Peer 1: 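Please see the structure below; I have some questions.
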Amino acid sequence: MNRIESYVPVPKPVKSDYYVACHYYPGWKKGAADIHNGFEDLRSFPERTPIIGYYDEADPVVMDWQIKWAVEHGINCFIHCWYRYGDNRGKPVKVENLRFNHAIHEAYLNCRYRDYMDFAIMWECDLKWGAATDIADITDNLMPFWVENYFKLPTYQKIDGKPVLYVYSQHNLEAALGGHEKMKEALEVMHEEIKKYGFPGIMIGCMDNGWNKSNIPYYAEHKVEEFSFTDDMISKGYDFGYQYCWHYNNGLLDEAGKKAYLDSEKPMLPDDIIVNYQLDCIKHRVEKYPEFFMYTASVMWSRGPWHKVFGIDPKTTIWEWALSPESWKKLLVGAKALIDTLPKDSLGRRVFVLDNWNEWSEGHYLFPNYEHGFGHLQAFREVFTKCDNIPDYRVFKVKEQREY
């Protein structure tokens with residue numbers, strides 16, 4: 001790729017009273033994704049082209065630009081989706097056993113500005129990507145690798161000295177381990193095992209749909225208590241819950257709204273519905289579980305590039321939406337007001353989560369792009385930071401990966 005003469009200018013982080021972690025999908029190196037085609041899937045969606053063009057995510061220069069843009073707008077940490085291949089289950093983990101190892105091991109760990117940006121991992125527990133076979137697989141294979149390669153680094157996200165581990169999906173992990181009691185035992189063992197490495201503990205979080213208005217139809221049909229999921233996660237020993245994306249179930253619209261959506265050539269939910277929906281969900285969690293959650297704001301869910309790749313029909317699955325920068329700002333103002341009601345030492349005040357930095361194909365991204373420029377990042381900076389810096393908005397284009 002082309003490098004400007006002065007390299008990436010030194011980041012000028014903005015000051016803020018909030019620690020902000022942002023989900024990061026490391027699927028943008030040719031051939032790395034396995035199940036989709038990376039930027040090639042975006043050819044028919046030029047509006048969601050990265051502002052620097054299609055890039056090689058393994059390049060430390062690209063990571064330095066991302067770090068610069070993130071910290072200059074108030075983002076402190078990238079939560080990397082972390083996968084190992086299924087055939088590595090039950091075996092010692094090496095870098096070559098990882099899907100998407102390039103983003104951390106090639107780009108982040110070799111970039112110039114990594115000290116400006118924390119990172120964490122979200123353990124993807126689908127069986128295809130290596131959910132644990134048993135507790136010994138966690139203690140003997142996964143944890144040693146995580147400690148050596150991530151947790152011991154000063155830039156790994158920690159709370160009170162405890163490394164933070166995000167888990168997705170805990171349902172698959174529980175099934176792989178053998179049920180509720182085995183899951184509970186595994187978490188107990190992990191909390192003790194980490195102390196052998198000199199840490200005071202570990203913070204393990206689950207992607208929690210314990211109260212999500214999308215689940216209301218399911219609750220009604222199955223007569224499930226609305227908080228049973230969250231209570232179950234707490235009973236197992238998870239330290240916190242978080243949201244990956246606030247999905248919107250088609251059963252929540254009135255008949256007129258359903259008709260308008262289904263009759264549209266390009267179905268997309270109105271911004272005001274999504275803003276109010278997310279704020280309702282956050283409010284409910286703030287009121288019912290003020291000590292358990294990290295709160296999340298989601299910017300989009302628009303999977304156009306994947307409709308063809310995976311045969312997704314947007315009119316029959318989770319319905320789609322994409323907030324404008326203006327609507328995104330309204331959501332952020334409301335979310336900030338809600339979390340500011342929490343106790344100052346609560347987890348929800350200490351960490352705020354954004355979805356997503358760079359999920360280009362699935363359709364949720366804050367990374368500057370052709371359609372909105374820096375608009376969504378600027379909105380976040382205006383709401384959550386002291387705006388005491390001057391972000392760098394120079395625009396350039398990297399040389400595309402040859403394969404693209």
Side-chain angles (χ1 to χ4, degrees), residues 18 20-25 27 48 70 73-81 120 122 166 168-169 205-216 240-250 252-253 261 267-286 293-306 312 314 317-339 348 351-369 371-372 375-381 383-384:
Y18 303 86
V20 180
C22 188
H23 289 293
Y24 184 105
Y25 177 68
R48 58 177 77 183
H73 291 85
I75 297 172
N76 309 98
C77 175
F78 284 147
I79 307 169
H80 290 253
C81 296
M122 181 170 71
Y166 299 81
Y168 186 114
S169 151
C206 59
M207 205 294 290
D208 191 334
N209 283 318
W211 198 85
N212 180 338
K213 292 179 75 174
S214 289
N215 292 333
I216 289 176
F240 66 93
Y242 68 95
Q243 197 72 19
Y244 182 67
C245 182
W246 286 111
H247 299 311
Y248 194 92
N249 187 287
N250 56 19
L252 298 176
L253 285 178
Y261 184 91
M268 196 69 64
L269 291 169
D271 282 12
D272 61 332
I273 287 180
I274 295 301
V275 170
N276 292 332
Y277 162 67
Q278 290 195 50
L279 292 178
D280 283 348
C281 292
I282 294 171
K283 182 175 185 291
H284 204 89
R285 289 185 170 187
V286 165
F293 285 102
M294 293 180 184
Y295 298 92
T296 304
S298 297
V299 65
M300 308 170 193
W301 178 259
S302 177
R303 297 176 293 175
W306 280 9
I312 295 171
T317 58
I318 299 169
W319 287 13
E320 304 195 353
W321 47 274
L323 297 180
S324 68
E326 295 74 22
S327 295
W328 171 241
K329 186 173 182 178
K330 290 179 182 178
L331 169 62
L332 294 171
V333 169
K336 180 176 176 295
L338 288 169
I339 65 173
V351 182
F352 188 66
V353 180
L354 298 180
D355 162 50
N356 188 292
W357 177 257
N358 60 342
E359 234 304 6
W360 298 107
S361 291
E362 199 168 64
H364 37 147
Y365 45 87
L366 293 167
F367 192 123
N369 55 83
E371 183 175 15
H372 297 293
H376 290 100
L377 284 179
Q378 289 170 324
F380 184 80
R381 176 178 175 272
V383 176
F384 271 85

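Computed from heavy atoms alone, side chains included, the values below leave out hydrogens, waters and symmetry copies. Only a predicted model underlies this, so the values are computations on that prediction, with no experimental measurement involved.
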Peer 1: To the nearest 0.5 angstrom, please state how far the SG atom of Cys22 sits from the NE2 atom of His73.
Peer 2: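 Separation between the atoms: 12.5 Å.
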Peer 1: Should Tyr277 and Leu331 count as side-chain neighbours, where that means a heavy-atom distance under 4.5 Å?
Peer 2: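 The answer is no; the side chains never approach within 4.5 Å.
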Peer 1: Would Asn356 and Tyr244 count as a side-chain contact (heavy atoms from CB on, under 4.5 Å) here? Give the steps.
Peer 2: CA-CA 8 Å; Asn356 188 292; Tyr244 182 67; 3.0 Å; yes
Peer 1: Can you confirm if the aromatic rings of Tyr248 and Trp319 lie within a centre distance of less than 6.0 Å?
Peer 2: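 No, too far apart.
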Peer 1: Heavy-atom distance under 4.5 Å between the side chains of Pro325 and Gln378, does that happen here?
Peer 2: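 Side chain of Pro325 against side chain of Gln378, heavy atoms only: no contact under 4.5 Å found.
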Peer 1: Give me the atom names and distance for the closest heavy-atom approach of Ala297 to Leu332.
Peer 2: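 The pair with the smallest heavy-atom distance is CB-CD2, 4.1 Å.
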Peer 1: Looking only at heavy atoms, which two atoms of Trp306 and Ile312 are closest? And how far apart?
Peer 2: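 Where Trp306 meets Ile312 most closely, the heavy atoms are O-CD1, 3.9 Å.
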Peer 1: Could I get the full list of side-chain contact (heavy atoms from CB on, under 4.5 Å) partners for Ser298, not counting sequence neighbours?
Peer 2: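 Ser298 satisfies side-chain contact (heavy atoms from CB on, under 4.5 Å) with Cys245, Trp246, Gln278, Thr296, Trp321, Asp355 only.
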Peer 1: Report yes if some heavy atom in the side chain of Trp328 is under 4.5 Å from a heavy atom in the side chain of Leu366; otherwise report no.
Peer 2: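 Yes; the side chains approach each other to less than 4.5 Å.
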Peer 1: Would you compute the distance between atom CD1 of Ile75 and atom CH2 of Trp357 and round it to the nearest 0.5 angstrom?
Peer 2: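 Answer for the CD1-CH2 pair, Ile75 versus Trp357, is 5.0 Å.
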Peer 1: Looking at every non-hydrogen atom in both residues, tell me the closest pair between Pro305 and Arg48 and how far apart they are.
Peer 2: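 Residues Pro305 and Arg48, closest heavy atoms: CD-NH1, 3.2 Å.
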Peer 1: Check the angle between the aromatic planes of Phe240 and Tyr166 and answer parallel, tilted or perpendicular using the 30° and 60° thresholds.
Peer 2: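 Taking Tyr166 first and then Phe240, their aromatic rings stand perpendicular (interplane angle over 60°).
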Peer 1: Hey, what do you get for NE2 (His376) to OG (Ser324), rounding to the nearest 0.5 Å?
Peer 2: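 Reported to 0.5 Å precision, the distance equals 6.5 Å.
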Peer 1: When rounded to the nearest 0.5 angstrom, what distance separates NE2 in His372 from CG in Leu377?
Peer 2: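 So the gap between those two atoms works out to 12.0 Å.
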Peer 1: If you look at every heavy atom in Val20 and Phe380, which pair is closest and at what distance?
Peer 2: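 That would be CG2-CZ, 3.5 Å.
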Peer 1: For Ser327 versus Asp271, what's the shortest heavy-atom pair and its separation?
Peer 2: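 Shortest heavy-atom contact: OG-OD2, 2.7 Å.
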Peer 1: Not counting sequence neighbours, which residues clear side-chain hydrogen bond (donor to acceptor under 3.5 Å, both in side chains) with Tyr261? List them please.
Peer 2: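 If we apply the side-chain hydrogen bond (donor to acceptor under 3.5 Å, both in side chains) test to Tyr261, skipping adjacent residues, there are no hits.
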Peer 1: Taking only residues two or more places apart in sequence, or in another chain, which ones meet Lys329 in a salt bridge (Lys or Arg N to Asp or Glu O under 4.0 Å)?
Peer 2: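 Lys329 satisfies salt bridge (Lys or Arg N to Asp or Glu O under 4.0 Å) with Glu382 once adjacent residues are dropped.
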Peer 1: Is it the case that the ring center of His23 lies less than 6.0 angstrom away from the ring center of Tyr242?
Peer 2: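 Yes: the rings meet the under 6.0 Å criterion.
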Peer 1: Search all heavy atoms of Ala335 against all heavy atoms of Ile282 and return the closest pair with its distance.
Peer 2: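 What the structure gives for the nearest pair is CB-CD1, 4.1 Å.
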Peer 1: Start with the C-alpha gap between Tyr295 and Gln243, add the side-chain angles, then the distance that decides, and say whether side-chain contact (heavy atoms from CB on, under 4.5 Å) holds.
Peer 2: CA-CA 7 Å; Tyr295 298 92; Gln243 197 72 19; over 6 Å; no
Peer 1: Can you tell me how far the CE atom of Met122 sits from the OH atom of Tyr24, to the nearest 0.5 Å?
Peer 2: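 Interatomic distance, Met122 CE to Tyr24 OH, rounded to 0.5 Å: 13.5 Å.
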Peer 1: Distance check, rounded to the nearest 0.5 Å: Leu354 atom CG versus Cys77 atom SG?
Peer 2: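 If we round to the nearest 0.5 Å, Leu354:CG and Cys77:SG are 11.0 Å apart.
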Peer 1: Taking the six-membered ring for Trp, are the ring centroids of Tyr18 and Phe384 within less than 6.0 Å of each other?
Peer 2: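 Between Phe384 and Tyr18, which both carry aromatic rings, the centre distance is below 6.0 Å.
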Peer 1: Any side-chain heavy atom of Arg303 within less than 4.5 Å of one from Glu320?
Peer 2: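 They are in side-chain contact.
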Peer 1: Check whether any side-chain heavy atom of Phe367 sits under 4.5 Å from a side-chain heavy atom of Trp360, and report yes or no.
Peer 2: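 Yes, their side chains come closer than 4.5 Å.
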Peer 1: Can you check side-chain contact (heavy atoms from CB on, under 4.5 Å) on Val333 and Lys330, steps first, answer last?
Peer 2: CA-CA 5 Å; Val333 169; Lys330 290 179 182 178; 5.8 Å; no
